[in-house]
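If you're wondering where the values come from, they're calculated on a predicted model, not measured in any experiment. Proteins come first, then strands; the chains are lettered A, B, ... in the order of their sequence lines, and each starts at number 1.
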Number of protein chains: 2
Amino acid sequence: MRTMSGLFIAREFFGLARQASTNADLMQALACVSISMGFDYFALTHHVDFAAAGHAAVRLHNYPDDWVAWFDARRLGVSDPVHRASQATSIGFTWQRVPELIRLTPVDRHVLDCARERGIGDGFTVPAHVPGEATGSCSFAVATGRCVPFDNLPLAQLTGAFAFEAARRINGTRSLDAQAPTLTERQRDCVLWMARGKTDWEIARILGLSQETVTQHLKQARERYDVPKRSVLAVRALFDGLISFSDIFRR
Amino acid sequence: MRTMSGLFIAREFFGLARQASTNADLMQALACVSISMGFDYFALTHHVDFAAAGHAAVRLHNYPDDWVAWFDARRLGVSDPVHRASQATSIGFTWQRVPELIRLTPVDRHVLDCARERGIGDGFTVPAHVPGEATGSCSFAVATGRCVPFDNLPLAQLTGAFAFEAARRINGTRSLDAQAPTLTERQRDCVLWMARGKTDWEIARILGLSQETVTQHLKQARERYDVPKRSVLAVRALFDGLISFSDIFRR
DNA sequence: CGCCCTATCCCCATTTCTGGGGATAGGGCG
DNA sequence: CGCCCTATCCCCAGAAATGGGGATAGGGCG
């Protein structure tokens with residue numbers, strides 16, 4: 001009775017993932033659930049160049065070694081077509097749908113062919129994007145020549161999403177900084193418009209102040225954060241939630 | 001037998017959402033599935049200022065009229081605490097968890113209190129973020145005094161994610177060629193150090209280039225994003241996941 | 001009352017960023 | 001081969017940001 005076993009699989013994985021306190025714990029849980037769902041491989045990864053990236057980037061997988069070597073030699077972490085496709089949707093997709101999401105180049109087709117030659121056939125990828133963090137995904141794949149277990153794709157969607165969040169937790173998601181500086185309302189106004197790309201003169205017009213006053217507010221905000229430049233001030237205020245991406249981009 | 005009815009609800013909703021060709025179709029499907037899951041209200045929305053935003057922004061909901069009027073009068077689409085919290089996680093969260101995700105200001109607490117007074121109690125929000133597009137979410141809420149149906153949260157996670165993607169499809173997903181800008185490796189290096197607060201001279205020393213080359217790379221990055229200032233360039237690159245908070249703050 | 005904070009405005013000099021122009025070299029692709 | 005992209009370097013002038021100084025006014029608190 002597949003219906004019943006699907007939810008049993010989910011509950012078991014959620015329990016393991018919730019208890020996981022290391023990447024190894026999570027890897028083991030993912031290896032088991034992949035098999036249970038009818039997949040052969042999994043890969044939970046940030047879409048970065050692992051040769052250049054440091055410690056904070058996550059990559060947990062059980063892909064064949066020769067595929068991984070080939071992938072890394074070409075530094076495909078950023079440009080892999082499946083990774084690129086995952087930036088065009090908010091829910092999971094089978095790899096057969098990739099050409100509907102992005103325009104495939106000849107190089108992309110070659111990458112997919114080489115994966116097939118090295119044992120990775122079709123798959124299902126669950127995107128995970130949190131603003132301010134590297135984009136990522138959790139993929140489940142079948143060996144070359146096998147079929148994706150279509151009935152279990154909703155379960156794979158849930159599992160992939162939950163696994164990525166567990167990885168964020170284990171590897172240290174940003175924590176709320178109780179000691180972060182606060183800004184006055186006026187300082188925050190000026191920081192928000194600066195982050196929108198306005199000059200002091202423009203902000204002065206918008207808020208009905210003199211240009212020097214705007215300069216002063218931004219200087220005082222920088223001093224509270226002890227940063228030398230406005231670019232890092234904007235980043236810090238974003239990180240602390242004093243301003244939000246939506247607020248910045250609003251028209 | 002709740003286990004059985006949960007997956008029955010999911011399959012029914014997926015069928016309706018897949019067939020939906022208008023926002024009204026999707027709204028009807030969401031209204032039904034919300035009740036079936038044990039919620040009283042739903043709201044699928046882009047996090048924009050609806051007074052100013054245009055045609056591409058989606059908002060489908062069945063909230064009480066006086067709450068909506070209050071919400072819009074204060075233009076909370078971009079600064080609502082639940083919306084802001086959804087930018088700090090990749091999976092859904094109950095509103096009780098919002099203080100773990102963002103720092104609540106006195107204004108935020110007032111917003112949550114007023115929602116409660118107008119009939120909206122607790123809820124569960126599923127974030128949806130596609131790089132290069134406005135952030136959004138699909139929320140399910142219970143009336144003041146009622147409990148969130150915890151057993152159905154995995155189902156709400158699936159439903160919310162699927163509904164948001166259906167809304168994207170109905171309202172015209174972007175074309176294959178419309179992708180967030182990309183930066184060359186060198187441009188990204190310079191953007192990252194700029195976002196860390198370094199001057200061109202400093203970046204030049206760090207990367208072993210001339211100061212003019214650094215200026216050029218940053219100019220070209222601004223041109224790719226079509227933004228006039230470095231502050232907003234840093235914000236955009238963060239939003240799209242090209243650089244991350246951990247990249248910037250890492251030593 | 002004095003002190004501190006916030007908001008507002010002004011001045012100066014220097015550094016940094018922005019727009020605009022020029023150039024070379026190497027690699028990939030049609 | 002020509003074209004485009006990437007990386008690198010240079011020049012100029014003007015706008016914008018940064019550091020540093022000055023000031024007033026109003027409100028809250030000990």
Engineer: Quick one: on DNA chain D, does B:Q220 or A:R222 contact a more 5' nucleotide (nearest heavy atom)?
Structural biologist: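 Result of the comparison: B:Q220.
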Engineer: Counting side-chain heavy atoms from CB outward, which of D:dA17, C:dT8, C:dC17 is closest to A:D200?
Structural biologist: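 In terms of side-chain proximity for A:D200, the closest of D:dA17, C:dT8, C:dC17 is D:dA17.
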Engineer: Could A:R168 and A:E165 be called an ion pair, given the rule that one side-chain N must be under 4.0 Å from one carboxylate O?
Structural biologist: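 Salt bridge flag = yes for A:E165 with A:R168.
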Engineer: Using OP1 and OP2 only, check whether a side-chain N or O of A:T215 sits under 4.0 Å from D:dA16.
Structural biologist: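 No, no such contact exists.
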Engineer: Would you say B:R224 places a side-chain N or O within less than 4.0 Å of OP1 or OP2 belonging to D:dC5?
Structural biologist: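 Answer no for this pair, as no side-chain N or O of B:R224 is under 4.0 Å from OP1 or OP2.
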Engineer: Is there a side-chain hydrogen bond (donor to acceptor under 3.5 Å, both in side chains) between B:Q87 and A:S244 once you walk through the steps?
Structural biologist: CA-CA 8 Å; B:Q87 294 174 16; A:S244 67; 4.7 Å; no
Engineer: Under 4.0 Å, counting only non-hydrogen atoms across every strand here, what does B:L218 touch: a base, just sugar-phosphate, or nothing?
Structural biologist: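 Result for B:L218 = nothing.
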Engineer: Hey, is the side chain of B:R188 poking within less than 4.0 Å of OP1 or OP2 on D:dT6, counting only N and O atoms?
Structural biologist: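 The answer is no; no side-chain N or O of B:R188 sits under 4.0 Å from OP1 or OP2.
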Engineer: What nucleic acid atoms does B:K229 come within less than 4.0 Å of, heavy atoms only: base, sugar-phosphate, or nothing?
Structural biologist: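 B:K229: backbone/sugar contact only, no base atoms under 4.0 Å.
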Engineer: Examine C:dT8: is either OP1 or OP2 under 4.0 Å from a nitrogen or oxygen in the side chain of A:T213? Give yes or no.
Structural biologist: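 Indeed not, no polar side-chain atom of A:T213 lies that close.
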Engineer: Counting Watson-Crick and G-U wobble pairs only, both distances under 3.5 Å, name the nucleotide matched with D:dC3, or none.
Structural biologist: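 C:dG28 is the nucleotide pairing with D:dC3.
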Engineer: Under 4.0 Å between a side-chain N or O of A:R230 and OP1 or OP2 of D:dT18?
Structural biologist: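 Answer yes for this pair, as a side-chain N or O of A:R230 is under 4.0 Å from OP1 or OP2.
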